[in-house]
Amino acid sequence: APTPRKGYFTSEGENYVLSGRMALTSTFVADKPERTFRVFLLGGSQAQGCPFASDEAGLREDDYLGTATWLEHYLRDLLPNNDIEVINAALAGQSLAALVPLFDEILDHGQPDLVIFLSGNNEASHRDPAGKPLKQDIVTLITNGLADKFQGLLRGLVQTAQSAAVPTYFLTVPSNLRDWEPVGPREDEHSTLRALLDQG
């Protein structure tokens, strides 16, 4: 197995260890066995399995029912002639841009058969300096800028995946801003809600 450059992968004997400040520690054989179908799951805390999975809690993938666990059980049924290995490479709280260097390392050293991104819900958290929610026109401006950046990142990742000939899926969580009021409910709505609560 090649020696990985300094980053998320380190060599320990015949194994690679994937770890990082926001990652769950995963160990896997550097030279993938012939029958193994290896999947890497990347994303933020949702992909990682929070709040059920964390190194602080001492939990491992087999101890909880997060996305990586569900995916492994699902693929075992679909590919009964393979040994399925799903490696939870998600980084809690990280944006899509933060996953690019990890993706590069996975392609260089991980011998993936499939890579899945579940990302898009950590792209920004903007509030004004006083801690108040932003006005709608500012939110629209930020959202449009984020969408352009996200789209550019996706294009780059798709090209990288195609160059490496590794099947890669990109998933995200739908978000509906149509009825969202970033400054909170109007005062008349707040009063109505309070009156209903008071009435039980």
Side-chain angles (χ1 to χ4, degrees), residues 1-11 16-32 36-50 53 55 61 66-72 74-75 78-79 82 84-126 139-177:
T3 301
R5 65 184 182 274
K6 188 174 182 181
Y8 292 97
F9 283 80
T10 55
S11 292
Y16 280 147
V17 178
L18 187 151
S19 61
R21 191 171 57 86
M22 305 306 286
L24 293 173
T25 302
S26 300
T27 303
F28 52 95
V29 177
D31 289 321
K32 183 180 68 176
T36 297
F37 186 84
R38 182 175 284 171
V39 180
F40 284 87
L41 176 65
L42 289 94
S45 58
Q46 181 183 26
Q48 192 176 73
C50 289
D55 275 346
E61 287 188 27
T67 307
T69 306
W70 297 332
L71 185 59
E72 189 167 311
Y74 181 69
L75 289 174
L78 287 177
L79 304 168
N82 293 90
I84 304 301
E85 183 178 47
V86 178
I87 297 162
N88 191 335
L91 304 174
Q94 300 303 297
S95 67
L96 183 63
L99 302 173
V100 172
L102 175 55
F103 183 51
D104 290 339
E105 282 193 57
I106 287 168
L107 295 179
D108 288 346
H109 305 293
Q111 298 177 309
D113 294 296
L114 175 66
V115 176
I116 298 173
F117 283 83
L118 176 56
S119 189
N121 53 340
N122 288 325
E123 298 311 303
S125 177
H126 293 280
V139 170
T140 300
L141 187 66
I142 290 169
T143 303
N144 290 341
L146 287 172
D148 291 343
K149 181 181 176 185
F150 194 74
Q151 189 174 43
L153 283 166
L154 283 173
R155 281 193 190 110
L157 289 167
V158 167
Q159 289 175 348
T160 301
Q162 288 174 339
S163 295
V166 173
T168 304
Y169 289 92
F170 297 93
L171 312 173
T172 192
V173 180
S175 178
N176 184 355
L177 301 179

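This chain uses plain numbering: 1 for the first residue, then up along the sequence.
- Put simply, the side chain of Y169 does not reach to within 4.5 Å of the side chain of L118, judged on heavy atoms.
- Taking both residues in full, the closest heavy atoms of P101 and A98 are given as CD-O, 3.5 Å, listed atom of the first, atom of the second, then distance.
- By the 4.5 Å heavy-atom criterion applied to side chains, N88 and T67 are not counted as neighbours.
- Nearest heavy-atom pair across L91 and A23 is CD2-CB, 3.5 Å.
- When all heavy atoms are compared, the tightest approach of A89 to L102 is O-CD2, 3.1 Å.
- Atom CG of L18 and atom OG1 of T25 lie 8.0 Å apart (nearest 0.5 Å).
- Atom CD1 of residue I87 and atom CD1 of residue I106 lie 8.0 Å apart, to the nearest 0.5 angstrom.
- When side chains are defined from C-beta on, V100 counts as touching L153, because their heavy atoms get closer than 4.5 Å.
- Rounding to the nearest 0.5 Å gives a distance of 9.5 Å between CD of Q46 and CG of L171.
- Under the 3.5 Å distance criterion, the side-chain polar atoms of E85 are left unmatched by any main-chain donor or acceptor of V39.
- In this structure, OH on Y8 lies 13.5 Å from OG on S26, to the nearest 0.5 angstrom.
- Nearest heavy-atom pair, A47 versus L42, reported as atom, atom and distance to 0.1 Å: CB-O, 3.9 Å.
- Residue pairs meeting the side-chain hydrogen bond (donor to acceptor under 3.5 Å, both in side chains) criterion with at least one member in residues 110-120, sequence neighbours excluded: K32-D113.
- For the pair V166/L114, no side-chain contact is recorded, criterion being any heavy-atom separation below 4.5 Å from C-beta on.
- In this structure, T168 and I116 have side chains that are not in contact, with every pair of non-hydrogen atoms separated by 4.5 Å or more.
- From T36, atom OG1 reaches atom CG of D31 across 11.5 Å, with rounding to the nearest 0.5 Å.
- In this structure, the side chain of Q48 engages the main chain of A90 through a donor-acceptor pair within 3.5 Å.
- T160 places a side-chain heavy atom less than 4.5 Å from the side chain of L107.
- Here F37 pairs with nothing under the ring-ring contact (aromatic ring centres under 6.0 Å, His included) rule; sequence neighbours left out.
- Each of Y16, F117, F28, F103 was compared with F40 under the ring-ring contact (aromatic ring centres under 6.0 Å, His included) criterion, and only F28 meets it.
- The CG atom of D104 sits 11.0 Å away from the CG atom of L99 when rounded to the nearest 0.5 Å.
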